[in-house]
Structures are given as structure tokens and as C-alpha cells.
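Any value given below was found using the heavy atoms of this structure, including those in side chains, with hydrogens, waters and symmetry copies removed. All of these numbers come straight from a predicted model, not from anything done at the bench.
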Amino acid sequence: MIREKVNKNIETNKAVAYIRVSSREQEKGYSLTAQEKLLRKYAKDEGYEIVEIFREAMSAKKAGRKQFNLMLKYLKSHKDVNKLLVEKTDRITRNFKDVVDLDEIGGLELHFVKEGSIITEKSKSQDKMIYGLRVVLSKQYIDNLKEEAEKGILAKIEDGIYPSIAPVGYYNTMNRKGKHIIAVDEEKRAIIKKAFELYATGNYSAKTINDLLYPEGLTNRNGKKLAKSTVERMFKNIFYIGQFEFKGFICTKAQHEGIIDINTFNAIQERLGGIVRTRTHDIQFPYQGLFRCSICGGLLTPELKTKKNGKQYIYYHCNDSHKKGCKKLSYISQSTIDKIIGEFLKSFHVSKNLLESIQCFIKDIHNDKNNYQEQVESNITMKIEQLSKRIRQAYDDKCDGKIDEDFWKERNQEYHAERAELIEKLQRINEADEKFYDTCEQLLKFAKNAYDMFMNGTVEDKRFITQIVLSNSTYYDKKLDVELHPVFDTLFRLTKEYEQNKSTIEPSESIDFTNKKDPKKGQFVNGGNDEARTRDLMRDRHAL
């Protein structure tokens with residue numbers, strides 16, 4: 001998923017200050033006052049104007065801090081404020097999700113006053129690298145949690161359970177075992193069937209049917225008339241024949257009952273021009289969803305082809321989804337992408353000192369991850385215990401005659417379902433934890449020998465490198481144009497600085513494969529920030 005960053009291109013002297021203590025008791029003491037005094041003095045010395053101060057009395061391990069969230073909202077809405085002053089790193093960045101949220105405010109300067117550290121585009125390469133790696137690993141952990149949640153959804157899909165709100169004619173409920181299911185709304189069954197049968201005749205439009213059947217009960221859950229677009233989607237929805245589609249996955253044997261017979265449904269689809277189903281693949285592609293067409297912005301789609309001699313190859317192309325006529329020149333083979341990225345990684349060598357810095361950092365963020373994870377798990381465990389007590393109490397109340405049988409069954413199903421979801425969440429955290437360690441190991445492996453890891457690695461290795469190293473990658477007409485993620489741009493430049501310091505001869509900065517000429521000088525002539533220069537370097541170096 002690509003997130004838009006709030007760009008703060010205007011350099012100003014305006015700043016916000018964030019002050020935090022870890023408990024309500026400290027809030028009454030000297031800590032908040034001392035931090036504010038320190039930050040105000042720093043701002044005065046540097047010529048900054050503090051326009052807002054956010055004071056928090058809560059642990060940084062805990063997600064969802066009120067003042068922190070208010071500060072994020074303020075920074076996003078005030079583009080002329082691009083400096084954030086805090087006492088030190090652990091006042092603001094120990095929470096993994098908060099690190100990611102801060103990174104999404106583009107151009108924000110982080111001033112860690114007590115540590116004498118500033119994270120900006122102009123800060124020291126080593127500082128940028130360490131902070132950038134913190135962002136990468138934090139985001140990776142949060143993304144893994146989301147990915148595990150999606151896996152849970154996919155597991156439900158495989159079991160035939162629709163993991164979302166039921167369409168008109170159905171409703172979400174739970175069975176006797178406390179499992180979420182979808183049942184037919186018997187009050188609407190007949191009217192839904194009538195709507196499909198009328199539309200299948202070809203004599204009625206969706207609007208006419210909507211107007212005609214609204215008085216008879218074709219309504220939404222609030223009893224209001226359906227939108228015309230809702231009725232049109234209903235006639236295309238395979239949900240009504242006992243199937244469903246969810247985020248590109250199609251389940252042909254759903255657990256819910258179909259209302260419409262297949263012949264009526266197919267007759268309607270012939271009238272509408274057929275059902276469009278998402279293409280799925282049985283094999284993994286390392287670059288699926290990672291490159292876009294530079295003309296229309298659509299994602300390049302992978303295709304597996306077999307030649308007449310039986311040899312298979314993979315290529316990526318634009319599906320021309322935006323109708324810009326760009327399909328013809330958007331083809332690029334997977335082997336070509338491998339070669340381009342591999343060539344770039346050849347020159348990447350991490351010094352022993354730099355590798356030691358990365359290893360020390362990973363140990364630090366490992367501790368941060370443990371603190372964050374323990375807090376989340378503790379909150380979930382506490383909720384599970386509370387639900388278990390409610391389940392026991394509800395049964396006692398039933399036995400004592402305080403509540404009737406039906407009420408007890410309803411509460412029992414509700415509590416068991418909620419507890420089951422929390423237990424699943426704990427499992428997802430455990431899976432994300434394992435992936436965190438895998439990511440750390442991959443990062444160290446990458447730092448030690450990026451080229452070999454990429455060229456000889458698995459599909460997962462190639463995807464890992466491409467995902468975390470490159471950003472905003474586009475292709476069209478034999479031109480692969482990419483930008484490095486800021487932290488890896490810094491890391492690459494640190495390795496270049498190290499190599500240049502070892503040599504009296506400065507190496508060439510780029511090679512133009514299009515003209516096949518020896519470069520006479522470096523190509524960084526356009527200025528711009530580090531990421532833009534790296535993008536230009538990659539484009540020139542790997543033009544085909």
C-alpha cells in the first residue's frame with residue numbers, strides 16, 4: 001500500500017514541542033516542567049518559535065496516546081510547522097506504530113534536544129541511517145500484524161465464511177457455537193427473488209425495479225430506499241447464488257444459502273455482459289504489486305508464459321486499466337529486473353564498523369519491540385480474563401434463576417465469540433513476532449552481502465530487498481525509474497563514502513547502458529535531495 005506523505009517544503013522557524021512522562025505521578029512532579037524549560041531554551045537559542053506544546057502523561061509503549069495523536073493531526077493540518085522538539089528519543093519513538101506515523105509526515109525535522117541529534121534530510125548520514133532503520137523495522141512489524149489479520153480473513157474465506165457485512169437480503173449473526181455466520185433475511189427473501197426475476201426478463205431497468213419494489217419492502221437496514229447503484233451491484237453479485245468475492249478471492253462454496261437460482265442469475269449476466277473475476281496465480285512473483293506504469297500509474301501485472309520449446313519465462317506489463325494506450329511499451333521480463341537491481345547491488349559493501357552499528361541498533365529496537373509487544377499482549381490477556389469471568393458469571397446467574405435460558409445463550413455466544421477473536425489476535429502477534437526476527441536476519445544478511453542475497457536468494461529474499469530498498473518504482477518503454485527508500489539511500493552513500501576514503505581515485509558515479517559510452521564524470525548535476533539524485537542515478541544507470 002502506498003501512503004501519501006504530507007510534504008512540508010516550506011522552511012520555517014515554527015516548531016511544536018512534545019513532552020511526556022510515563023505516569024500520572026510524574027506529571028505532578030518536576031519532569032514535565034524540566035522538559036518544557038529545556039525545549040523552550042533550545043528553541044530560543046536556535047531561533048525557533050514554539051507554536052504549540054503537547055503534554056502527555058502516559059507510557060510510550062502504549063499505542064493511541066491522546067496528545068501524541070492530537071500533535072500528528074496538528075502537524076498534518078499546519079504545513080508551515082516542520083519542526084518537532086522532544087527531550088530525547090525514548091520520549092517519542094519507543095512505540096512502533098508511532099514511529100511509522102511520524103515518518104508519514106514528509107519533511108518533518110525531529111530534534112532530540114538532550115541527545116544533540118537532529119533527524120532531517122541534512123543530518124549526519126549515520127544518524128539518518130539508524131533512525132531510518134528504526135522506521136523500516138517498525139513499519140515491517142506493523143505491516144506483519146496487518147498481514148496476519150488478512151491471513152485470518154483468508155482462512156475464513158477458505159471455510160466459506162464471508163468476512164464482511166452481508167448485502168441486502170441477508171444479515172450477520174452467530175451460530176450456536178458462537179461463530180459468525182450470515183443468514184437469509186426471511187422477510188426480504190421473496191422480494192429479492194422478485195427483483196432478480198423481473199430484471200432477468202429484460203423489460204425493467206434497475207431504477208424501475210427499485211421504484212416498483214420499494215413499497216413492497218426492497219429497502220436497506222434502516223427501512224430507507226436503496227440507491228440505484230446498490231440495486232445495480234446486487235444484480236451482479238454472486239453472493240445471491242451462494243458464492244462470494246472478497247478482495248480478488250472467489251469462494252464458490254460459501255456457507256450462506258443462495259436466494260437466486262443459477263439459471264436466473266446467468267440470464268442476467270448475459271444481459272450485463274458477464275461477470276468480471278479477478279485473475280489469480282498459483283505461483284509467487286517477486287515483483288508483483290511493486291512496479292507501476294509511469295504513464296497511467298497502474299500496477300504491472302505478472303504473466304507466466306511458455307515457449308514452444310517448453311521453456312517458461314515471466315514478464316510484467318501494464319494492464320492498461322486506465323485506458324492510456326500504454327500497454328504496448330510496458331513489457332519487461334523478470335530476468336531483466338533481476339539484472340538491473342543486481343547490477344546496482346554489486347557496488348554495495350558495508351564496512352565492519354557500519355555493520356557493528358547496525359547490529360547494535362537491531363539489539364536496541366529488539367528491546368523496544370519486546371516492550372511494545374508485552375504491553376499489547378497484556379491488554380489482550382486482561383480482556384480475555386474479563387470475558388472468561390463474564391462467561392462464568394452469566395452461567396451462575398442462569399443457574400440461580402436471575403436470567404432466563406434465551407438471554408444466557410445469547411450472552412454466552414457473544415462472549416465466546418469475542419474471546420475467540422482475542423485469542424486469534426494473540427496468535428497473530430506471535431506470527432508477527434516470528435517475522436520480525438526473520439526480517440532482522442534478512443537485514444543483516446543484506447548488509448553483509450546484498451548482491452549474493454539477491455541473485456541467489458529465494459522469491460521471498462528478492463521481494464524483501466525490493467520492498468524495503470526501493471520506493472516509487474515505475475517502468476515504461478525500456479526505462480526503469482526507481483527511488484531508494486531514504487534509509488537505504490543513506491546506507492548506500494555511507495558505503496560509497498567508505499570506499500572513496502580508502503581510494504585516491506574517485507570512482508564513476510553512473511553508467512549509461514543506453515549509449516554504451518564510458519562516463520566522463522559523475523551524473524549528480526541536477527542538485528535536489530539525496531533521494532532524487534539516487535533516482536536519477538538509477539534511471540541513467542539502468543536504462544535498457
Side-chain angles (χ1 to χ4, degrees), residues 20-27 56-69 90 94-101 138 140-159 161 163-165 172-182 365-437:
R20 184 188 64 81
V21 292
S22 58
S23 69
R24 294 289 178 187
E25 289 73 24
Q26 284 180 289
E27 182 181 15
E56 195 101 62
M58 190 179 291
S59 171
K61 303 174 189 177
K62 188 172 181 179
R65 292 172 283 163
K66 183 178 179 181
Q67 290 299 310
F68 180 87
N69 291 334
D90 65 3
R94 291 180 68 188
N95 184 299
F96 271 27
K97 186 177 184 303
D98 293 344
V99 172
V100 177
D101 289 339
S138 298
Q140 197 80 0
Y141 181 81
I142 297 299
D143 286 348
N144 284 338
L145 285 175
K146 294 178 182 177
E147 185 178 311
E148 291 304 322
E150 290 176 357
K151 282 185 179 179
I153 291 174
L154 292 180
K156 291 181 180 179
I157 292 174
E158 290 175 357
D159 291 336
I161 300 172
S164 189
I165 299 174
N172 297 80
T173 184
M174 288 186 291
N175 61 17
R176 294 179 180 178
K177 297 181 180 180
K179 294 288 186 181
H180 291 281
I181 61 170
I182 291 176
I365 200 170
H366 170 248
N367 292 330
D368 291 348
K369 186 272 303 178
N370 288 341
N371 292 333
Y372 176 76
Q373 184 175 323
E374 286 172 9
Q375 182 67 43
V376 174
E377 288 178 335
S378 176
N379 291 337
I380 294 174
T381 301
M382 182 175 65
K383 291 179 182 178
I384 291 174
E385 291 174 355
Q386 290 173 347
L387 285 167
S388 296
K389 289 180 181 179
R390 290 180 185 178
I391 291 169
R392 292 193 295 268
Q393 185 62 51
Y395 189 74
D396 287 340
D397 290 344
K398 188 203 72 140
C399 292
D400 294 339
K402 295 180 180 179
I403 58 175
D404 60 33
E405 186 82 13
D406 290 339
F407 185 81
W408 171 75
K409 285 181 178 179
E410 184 180 339
R411 292 284 82 79
N412 190 53
Q413 288 181 6
E414 178 184 329
Y415 295 152
H416 273 90
E418 190 174 345
R419 189 176 67 171
E421 288 181 359
L422 290 171
I423 292 172
E424 285 183 13
K425 188 175 288 187
L426 280 178
Q427 180 62 34
R428 292 198 293 267
I429 291 173
N430 183 61
E431 296 291 339
D433 185 56
E434 290 184 15
K435 286 190 174 181
F436 173 84
Y437 290 109

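Shortest non-hydrogen contact noted between Thr381 and Leu426 is OG1-CD1, 4.4 Å. Closest approach of Ala394 to Ile403, counting heavy atoms only: O-CD1, 3.4 Å. Across Ile182 and Asn172, no two heavy atoms sit closer than the pair CG1-ND2, 3.8 Å.
Relative to the ring axis of Tyr415, Arg419 does not place its NZ or CZ within 45° and under 6.0 Å from the centre.
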Ile181 and Ile161: CA distance, side-chain angles, deciding distance, side-chain contact (heavy atoms from CB on, under 4.5 Å) verdict: CA-CA 7 Å; Ile181 61 170; Ile161 300 172; over 6 Å; no
Side chain to side chain donor-acceptor pair (under 3.5 Å) between Glu374 and Asn370, worked out: CA-CA 6 Å; Glu374 286 172 9; Asn370 288 341; 5.7 Å; no
From CA spacing to verdict: side-chain contact (heavy atoms from CB on, under 4.5 Å), Arg392, Lys389: CA-CA 5 Å; Arg392 292 193 295 268; Lys389 289 180 181 179; 3.3 Å; yes
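Atom CE of Met382 sits about 11.0 Å away from atom CG of Leu422, to the nearest 0.5 Å. Note that CD of Gln393 is 13.0 Å distant from OG of Ser388, once rounded to the nearest 0.5 Å. The CG atom of Leu387 lies 4.5 Å from the CD atom of Glu418; values are rounded to the nearest 0.5 Å. Note: Lys398 NZ to Asp406 CG = 11.0 Å, rounded to the nearest 0.5 Å. Atom NZ in Lys425 sits 6.0 Å away from atom NZ in Lys383 (nearest 0.5 Å).
No more than 12 heavy atoms of other residues, nucleotides or ligands sit less than 6.0 Å from atom OH of Tyr395.
At a threshold of 4.5 Å between non-hydrogen side-chain atoms, the residues His366 and Tyr437 count as touching.
When atom types are taken as modelled, the side chain of Asn412 and the backbone of Ile391 share no donor-acceptor pair closer than 3.5 angstrom.
Between Lys66 and Glu56, no side-chain nitrogen of the basic residue sits less than 4.0 Å from a carboxylate oxygen of the acidic one, so the salt-bridge criterion is not met. Salt-bridge check for Lys369 with Asp433: passed, with a basic side-chain N closer than 4.0 Å to an acidic carboxylate O.
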